[in-house]
Each structure stands twice: as structure tokens, then as C-alpha cells.
Amino acid sequence: MSRLSRREFCLGALAASMLVSESSRAQSIGAGGSIARPQLPIPPELKADNAGKISLMVKSGQQTFLPGKTTPTYGFNGPFLGPALRLRKGETVIANVHNQLTQNVTAHWHGLIVPGHADGGPYMPIKPGQTWTVKLPIIQPAATLWFHPHLYPTTAELVLKGLAGLIIIDDENSDALPLPKRWGVDDIPVIIQDRRFNQDGSFFHRFNEITVAAGYCGDCLLTNGVINPVVKPPKGWLRFRILDGSNGRNYRISTRDQRVLYVIATDGGFLPEPVPVKALPIAAGERYEVMVDARDGKPFDFITLPVPQPVMRLPPFDGPVNFLSVVPNNTEGQGTLPEELVPLPEIPETLPPISQRLIMQMNRRKIADKLIDATGLEKMVDTGKTDPVVVDRVLKLITEGPAMPLKARLTANGINGVSFSFTEPGFKAPISKYLRWHISEGNDAMLHPVHIHGCQFRLLKLNGAMPPAYMRGWKDTVPISNAGDAEIYVRFPLEAMPDMPYMVHCHVLEHEDSGMMTEFSVP
């Protein structure tokens, strides 16, 4: 299958969803003939057994994403992606993670507030054939989190091949709220990830100048591991737990018929009240829960709209891209959208002084900028029209640009002037004390979703102003771009010793794997 025909297949599958919305059919004609729309896969829930244990097996597998092509994959307890761990505030779970791969791996509980020794960061590799057993105290409120490898410097490759899964925390508030609660029926997980494929069907991935600067740039969009699926929920209020599980791509989520999205939760839990939006930006690593009114029973499509970053506007992302069609059935829904959700603690008027400043830095940005400028991409984006000649030039840089030598790659990016190294001591943060941190990117224009381990924080300012209402809940990842900055109000309730520290890093995984990460301890 040529590069063009692969692109045509993805576009054909996307076009099929428009026909579904109009006629409620789940089949359409695409570039390769008849394209059957897949049903949205629902990750199975995995709860602790009677002994309080959860078992995860990291294994290799294979899956068909494109017609006639088999893709080698990795997964947790399956060939691609993993289960949804169902946890509850107040319990303590023992997780056993067994590595059946032929390479090291880790399991990081993204957004889960656990001690440093249980965090699953780069200091905790699981060797082939070994099992990592770790105790996870669940001390935080209901939220949608996720887990994935955090092995430096190969996190990007491991996640790309499929190692990711959801974590769902329940508590007394999530029990009491009249929200949709039937997993996979009206409470629907949505993991969006972009991918690019080689001729043999394997995932394309290469650390070259463009990837290290812009992040991974795919041309097919997967939702829960398949291209452009359909879900058939009851008609009524629907709840969608959306994870941007991409290596680097950010999205602007909307619906083709411009239905209102009611944001009810951020990374770390519920908002005080639903926040209506027509388009919801989401960056790599972020999660949002949204409610959609489907009481009219009419089908609709979830789409992503073009984003500002030029490289991320290559086709098919130069226009609206469907990633999920919702075709309600004739049954009646059970949940509803409440006017009030869960109150949040007040942020004090008098804040502590800024105790930590973190500057995301790209040491080779000028090299990548020069390569991109020569393609004419910036000018093409300014015109608002897609030029196939320019697109082919950029694709050639992405797919044919030589891989960077490891030494050059590991120093390509940094934080506060230093690229990550296991020999750097990092910094310290006091335990159980509220702090104010400042995160910025100097004069850099690139998008950096900055993730902090061991906490859920509140966003005080974004680019010097009050953050939008949908971002005012608990967060563990904040995106900054266009020489932007953020101030956060943060506390670390559990310890992380210097030999098992927490991490701060950009969640564009190619940035993380090329040095944009630092460590800190909470003694």
C-alpha cells in the first residue's frame, strides 16, 4: 500500500462517518472499495480481586489497522492498549506488572498521587521476565487518569506501539451525582491517538530533527485503537471520558453539528459546575470529561478542528477530521446533567511567593525552523489553502529525514538549561505545603503540555490571565505555547526520595525523550 493509498484509506474512512450521520448506516465506499465502520472498542474494566490485587501483563501482539496489513503492537493484557483500572478512593491496591517483552519497560500511573517509589518513572525499569509489585494507596477524588510507560529515552516508542490504559477512580461524589454511569453504554471512554504507518504496516517512528522539534506527526487518527469507529448508545445525556493519548498531537474537539459540549471534569476530577463550550482544546496527556445532549436521538460526529501548529495542520488535519460517530439507538438513557457538580477548595487571596521556575527549552529549534521554512509550510498555512507540493516537502522531512545520533538527541531539549540525565540531582519540594510555581518556555512558540508527577494542581494564571473556566479544576498537565507561561498552586502530600524522584516534563513524548525533563524529590 503506497503512502498515497494509505492516506486515501484514512480519508475514506473519515468520509464514511458523514454518511453514517446522514443515514445511520455504518458502511461506506472509500478508496479501497467497501469500508465497514468498526464499532468503538470499549476497554474492559479491571478491578482488584478479593486480595486487593490487580495484574497487568506487558506483551507484544499484532493488530490490523489498515486493510491487508498486520501491525506489530504492544499492549497491557492484550495486543493493543489496555484495560481500564477501576479504583476507589480510600482503598489500597497492589499492582503486579509483569514484563513479557524483550526490552525494559515501566508502568507510570499518570495523575495518580502515590509516593515516588510507586510512581513508575524512569528509575523503576521492569526487566524482561520480571514482575514489579507496588502498593498504590488511592487518596484522591473521582477522576479519569491513565497509565503508560515512562522509560527514558524510549517512552515515545513504547506508547506509540500501544502501551497505554485508563484509570478510573470512584468516590462518594461520583456515586451520588446523577451522571451516566454504565461503562461503555452511556459512560464512554475515548482515547484519541494519531499514527503513521510504514509500507509493511508497522508504525512509523523516527527521531529526526523535525520529530524532536514538532513531536510525532501521524496521518491516521485512532479512537480506542481503531480508525473512525461508531458507537451506538441510548438516546439521552451521554458522558465521554476523553484522553489525548497521542505522542505529541493536540486537538480542538467539537461536533460536526455544533452541539454544545458540557465539560464536567478536568485531569484530576469534577468541576464545580458544567462548563459549556463549542470547541475544547486538549493536549497530549490531558483528560476531559464532557457531556453531550443526545435526547433528540439524532446521529452526530465528534471532530477535531485544525490547530495553530503548522506541522500539525498537514492533511487530513488541515480541515475537520472525524474520530467518532455517535448513532443513538431506540433505548432511553438513564443519566442527566446536573446544574452543580463538586465544589472545589477556595484558592487563598494571599498566595505564597513563587518557589520554583521551570523553563522549557529547545536547543535545536533554529535547525528545525530552517528546514521547515525551506518547505514553504508557514506561508501555506497563512494562505489557508493546502498546497500538495509543500505538503510533500514536509512529509519528506518527516519520513525521510535521517535519524539523529543518540548523543545529539539526548541534548536536543532541556529544562532550565539542562537536558535530563540520571546523574543530575534535580531540585527539592517540601512535603504537604502549598506552593506557587511558574512554568514558561522563554521565546519558544512550540506547544509544551507540561506534566508534573505526584500531584494534582490548580491553574492560577495562563499567559498572565485567568484560565478559561473549563481549566479551573484539578490538573496535572498544563499546555503552554507561543512564548506562554502558567502559574500553578500545587502541593505534594507524599514523599519521593532522591533515589526514586518525581518528574516534571513536556508530555510531547519526543520532547521528553530528548531531554525536556527534570526530576525533583519531596523528602
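Predicted model, so just to flag it, every value in this text is computed and none were measured.
- The environment of Gln62 atom CD is sparse: at most 12 non-hydrogen atoms of other residues, nucleotides or ligands sit within 6.0 angstrom.
- With hydrogens and angles ignored, the 3.5 Å screen pairs a side-chain donor or acceptor of Asp513 with a backbone N or O of Ala156.
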- Task: Would you please test Asp318 and Arg313 for salt bridge (charged side-chain N to carboxylate O under 4.0 Å, His left out) and show each step?
- Result: CA-CA 5 Å; Asp318 52 342; Arg313 292 174 68 101; over 6 Å; no
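- Here the closest heavy-atom approach between residue Val226 and residue Gln39 is recorded as CG2-O, 4.4 Å.
- Separating the CG atom in Leu324 from the OG1 atom in Thr304 is a distance of 13.0 Å, to the nearest 0.5 Å.
- Between Phe203 and Phe197, the ring centre distance stays below 6.0 Å.
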- Item | Trace of the ring-ring contact (aromatic ring centres under 6.0 Å, His included) decision for Trp437 with Phe427 | CA-CA 13 Å; Trp437 285 11; Phe427 62 94; 5.6 Å; yes
- Item | side chain to side chain donor-acceptor pair (under 3.5 Å) evaluation trace for Tyr251 with Ser246 | CA-CA 10 Å; Tyr251 304 90; Ser246 302; 2.6 Å; yes
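- Side-chain atoms of Gln456 and Asp267 form no donor-acceptor pair, as typed in the model, at a separation below 3.5 Å.
- Inspection of the Glu512 and Tyr152 side chains reveals no N or O donor paired with an N or O acceptor under 3.5 Å.
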- Task: Give the intermediate values and the outcome of ring-ring contact (aromatic ring centres under 6.0 Å, His included) for residues Tyr74 and Phe80.
- Result: CA-CA 5 Å; Tyr74 289 165; Phe80 189 73; over 10 Å; no
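- Using cut-offs of 30° and 60° for the angle between ring planes, the His507 and Trp146 rings count as tilted.
- Leu377 is listed as a side-chain neighbour of Leu314, based on a closest heavy-atom distance under 4.5 Å.
- Here the closest heavy-atom approach between residue Pro128 and residue Leu101 is recorded as CB-O, 3.2 Å.
- Residues passing the salt bridge (charged side-chain N to carboxylate O under 4.0 Å, His left out) test with Asp244: none are found, sequence neighbours excluded.
- Taking 4.0 Å as the cut-off between side-chain N and carboxylate O, Arg249 and Asp194 count as a salt-bridged pair.
- Heavy-atom minimum distance, His205 versus Tyr216: CD2-CD1, 3.6 Å.
- Of the possible donor and acceptor atoms, none in the side chain of Arg364 sits under 3.5 Å from a partner among the backbone N and O of Thr411.
- Judged as a ring-ring contact (aromatic ring centres under 6.0 Å, His included), not a single pair has a partner in residues 354-402 (not counting sequence neighbours).
- The aromatic ring centroids of Phe240 and Tyr288 lie 6.0 Å or more from each other.
- Among the candidates His505, Met362, Glu441, the single residue satisfying the side-chain contact (heavy atoms from CB on, under 4.5 Å) test with Met516 is Met362.
- The two atoms that bring Pro479 and Ala283 nearest to each other are CB-CB, 3.9 Å, heavy atoms only.
- Classified by interplanar angle (parallel below 30°, tilted 30° to 60°, perpendicular above 60°), the ring pair His451/His110 is parallel.
- Between Asp476 and Arg287 there is a salt bridge, since at least one side-chain N of the basic residue sits less than 4.0 Å from a carboxylate O of the acidic one.
- At least one donor-acceptor pair under 3.5 Å links the side chain of Thr73 to the backbone N or O of Pro79.
- For Asp301 (side chain) and Thr255 (main-chain N/O), no donor-acceptor pair under 3.5 Å exists by modelled atom type.
- In this structure, a donor-acceptor pair under 3.5 Å is absent between the side chains of His98 and Gln130.
- Lys69 and Asp200 are not joined by a salt bridge, as no carboxylate oxygen comes within less than 4.0 angstrom of a charged side-chain nitrogen.
- Side-chain N or O atoms of Asn99 include one that pairs as donor or acceptor with a backbone N or O of Gln103 at under 3.5 Å.
- For the residue pair Thr144 / Arg241, a side-chain donor-acceptor distance below 3.5 Å is found, with atom types taken as modelled.
- Proximity of a side-chain donor or acceptor of Thr383 to a complementary backbone N or O of Lys385 within less than 3.5 Å is detected.
- With hydrogens and angles disregarded, no donor-acceptor distance shorter than 3.5 Å links the side chain of Thr64 to the backbone of Leu66.
- Minimum heavy-atom separation, Arg259 to Val292: CD-CG1, 4.1 Å.
- Donor-acceptor pairing under 3.5 Å is lacking for the side chains of His148 and His108.
- Asp444 and Gln361 share no donor-acceptor pair across their side chains, judged by distance under 3.5 Å alone.
- Side-chain N or O atoms of Asn208 include one that pairs as donor or acceptor with a backbone N or O of Ile398 at under 3.5 Å.
- Although no hydrogens or angles enter the test, the distance criterion places no donor-acceptor pair under 3.5 Å between the side chain of Ser521 and the main chain of Pro501.
- Residues His150 and His453 place their aromatic rings such that the two centres sit under 6.0 Å apart.
- Remark: Gln258 CD is loosely packed, at most 12 non-hydrogen atoms of other residues, nucleotides or ligands lying under 6.0 Å away.
- Put simply, the side chain of Arg458 never gets that close to the backbone of Lys475: no donor and acceptor are under 3.5 Å apart.
- A side-chain donor from one of Thr423 and Ser421 sits under 3.5 Å from a side-chain acceptor of the other.
- For the residue pair Ile42 and Pro189, the shortest heavy atom distance occurs at CD1-CD, 4.1 Å.
- Salt-bridge formation is not detected for the pair Glu400/Arg206: no Lys NZ or Arg NE/NH1/NH2 atom is positioned less than 4.0 Å from an Asp or Glu carboxylate oxygen.
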